[in-house]
Novice: 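Sharing a structure with you now.
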2 protein chains.
Amino acid sequence: MTYTIVYDILKTYNIYMNRVVNLKISTKGRYALRLMVDLAQRKPGENVALKEVAARQEISLKYLEQIITVLTKAGYVLSTRGSNGGYRLAHEPDYYTVGMILRLTEGSLAPVACLEGDENTCDRREQCATLFVWEKLQKAIDDVVDNITLADIIANSADNYVI
Amino acid sequence: MTYTIVYDILKTYNIYMNRVVNLKISTKGRYALRLMVDLAQRKPGENVALKEVAARQEISLKYLEQIITVLTKAGYVLSTRGSNGGYRLAHEPDYYTVGMILRLTEGSLAPVACLEGDENTCDRREQCATLFVWEKLQKAIDDVVDNITLADIIANSADNYVI
DNA sequence: TGTTTTCCTACAAGTTAAATAGGTTATTGT
DNA sequence: ACAATAACCTATTTAACTTGTAGGAAAACA
């Protein structure tokens, strides 16, 4: 309430807090990746309660539940109900690329909509001078996320290994 | 109004139109780039009325006015008022990289906030296993946008050159 | 003096991210 | 049997932002 008033005053003077959101990976994708890394760091086949992950990663349990639903439905993680239940990876850590996880949770990693399906193509496509810029950008993004696996992340962070 | 009702019904059933916005360049950045390319394609020193650019690019004049204000204040374009007035590039087309234009209009091209300034760093940084993924991603993005100039775009689109 | 064009400020609607909330179902240990 | 645990399901909320629209003022030229 107080915040709203302050925000409105700032807006009146065109002073925004300017938290830039463009070209950003959302919390959904970032949390999904941290969640998967967390699972990958446990013993293979061990059930991990989401509550523990939430505590370790300092992410709201309820929010994590929503995120892991997508991963479960995609067959990326397996779930067991009841006490001693929890989640575990369906495959080895080197099976999962960052791209797989981000695309599933973010929806798409194309920097512009016209590169998404075949149906978002605009009628200016033929004369679009900037299209090749976006194509190059998309390729660069794909090259990164499709060539890093959960195993790579764990290996890389071996120094800072927690627990 | 009709749309709102339909939207609410869809929302009730958790059916969203799911226009994914993540990792997207906004219209502001895209239009700014098209605007600059358009200016770069004119004769050097020639004043181009924004009205013409708006017509050619099929973008709202009023919206373009807001966008070019930023480019003008940054010294990227020069303006002349009155009839026969308009805008022109302050430098040669090979002076401007895509990165310069996008960073100015989008604000930042970092895929996560913690890579932005020095002040957005979170307290989990030391133990963040995924940080190096974002760093690689940012480097890949920068490598693309900082190595394409307006001159490159024009040269590349020479085939589809319009007018 | 009228027209053209930049320049300035305000505002609004739709949409989304980022959770919060509360409950139901399945499984296991006691 | 039953209590505890943990996954699963559905709805709701709120601030914030994108993507414009709108109306006019100031400057320059014919």
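As a basis for the values below, the full set of heavy atoms in this structure was taken, side chains included, without hydrogen atoms, waters or symmetry mates. Naming: A, B, ... by sequence-line order, numbering from 1 per chain. What you see is a predicted model; the values in this text were computed from it and never measured.
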Novice: If you look at every strand shown and take non-hydrogen atoms under 4.0 Å, does B/Ile68 touch a base, only sugar-phosphate, or nothing?
Specialist: nothing
Novice: Among the candidates C/dC7, D/dG20, D/dC8, find the nucleotide nearest to the side-chain atoms of B/Ser60.
Specialist: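 Out of C/dC7, D/dG20, D/dC8, the nucleotide with an atom closest to B/Ser60's side chain is D/dG20.
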Novice: Heavy-atom count around A/Glu46 CD within 6.0 Å, excluding the residue itself: above 12?
Specialist: yes
Novice: Could you tell me the separation between the CZ atom of B/Arg88 and the C1' atom of C/dT6, rounded to a whole number of Å?
Specialist: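 B/Arg88 atom CZ is separated from C/dT6 atom C1' by 13 Å.
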Novice: Between B/Arg30 and B/Glu106, does the salt bridge (charged side-chain N to carboxylate O under 4.0 Å, His left out) criterion hold? Intermediate values first, please.
Specialist: CA-CA 9 Å; B/Arg30 285 189 284 120; B/Glu106 299 278 310; over 6 Å; no
Novice: More 5' along DNA chain D: A/Ser83 or B/Thr80, using each one's nearest nucleotide?
Specialist: A/Ser83
Novice: Taking atom CG of A/Leu23 and atom CG of B/Leu109, what is their separation to the nearest 0.5 Å?
Specialist: 5.5 Å
Novice: When you get a sec, tell me which of D/dG20, D/dC8, C/dA19 is the closest nucleotide to the side chain of A/Thr27?
Specialist: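 The answer is C/dA19.
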Novice: Is there a side-chain contact between A/Asn84 and the phosphate of D/dA6, meaning an N or O under 4.0 Å from OP1 or OP2?
Specialist: no
Novice: Taking the side chain as C-beta and beyond, is there a heavy-atom pair between B/Asp143 and B/Gln138 under 4.5 Å?
Specialist: no
Novice: May I have the distance from B/Ile67 (atom CD1) to C/dC7 (atom P), rounded to whole angstrom?
Specialist: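 Atom CD1 in B/Ile67 sits about 15 Å away from atom P in C/dC7.
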Novice: Kindly point out which of D/dT19, D/dA6, C/dA18 is positioned nearest to the side chain of A/Ala49?
Specialist: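 Among the listed nucleotides, the one closest to the side chain of A/Ala49 is D/dA6.
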Novice: When the distance from CZ of A/Arg81 to P of C/dT27 is rounded to whole Å, what number comes out?
Specialist: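 So the CZ-P distance, A/Arg81 to C/dT27, works out to 7 Å.
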Novice: Looking only at the side chain of A/Lys51 (C-beta and beyond, no hydrogens), which of the listed nucleotides C/dA21, C/dC8, D/dA6 gets closest?
Specialist: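 The answer is D/dA6, which lies nearest to the side chain.
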Novice: Could you check how far CD1 of B/Ile25 sits from P of D/dT19, rounded to whole Å?
Specialist: 11 Å
Novice: Side-chain N or O of A/Ser26 versus OP1/OP2 of C/dT16: is the shortest distance under 4.0 Å?
Specialist: no
Novice: For a quick test of reading the model: is some side-chain N or O of A/Tyr31 closer than 4.0 Å to OP1 or OP2 of C/dA17?
Specialist: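 No, no such contact exists.
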Novice: Over how many whole Å does the gap from A/Glu58 atom CD to C/dA19 atom P extend?
Specialist: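 Rounding to the nearest Å, CD of A/Glu58 and P of C/dA19 are 13 Å apart.
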Novice: For the atom pair SG (A/Cys114) and CZ (A/Arg125), what is the distance rounded to the nearest 0.5 Å?
Specialist: 6.0 Å
Novice: Round to the nearest Å and state the distance from A/Leu61 atom CG to C/dA18 atom P.
Specialist: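 The answer, rounded to whole Å, is 18 Å.
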Novice: Would you mind reading off the distance between A/Lys62 atom NZ and D/dT10 atom P, rounded to a whole angstrom?
Specialist: 13 Å
Novice: Which nucleotide sits closest to the side chain of A/Gln66: D/dC29, C/dA19, D/dA7?
Specialist: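 Nucleotide nearest to A/Gln66's side chain: C/dA19.
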Novice: Return the value, rounded to whole Å, for the distance between atom CD of B/Glu106 and atom P of D/dT19.
Specialist: 8 Å
Novice: Within the structure, does a side-chain N or O atom of A/Ser79 lie under 4.0 Å from either OP1 or OP2 of D/dC8?
Specialist: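 True: A/Ser79 side-chain N/O within range (under 4.0 Å) of D/dC8 OP1/OP2.
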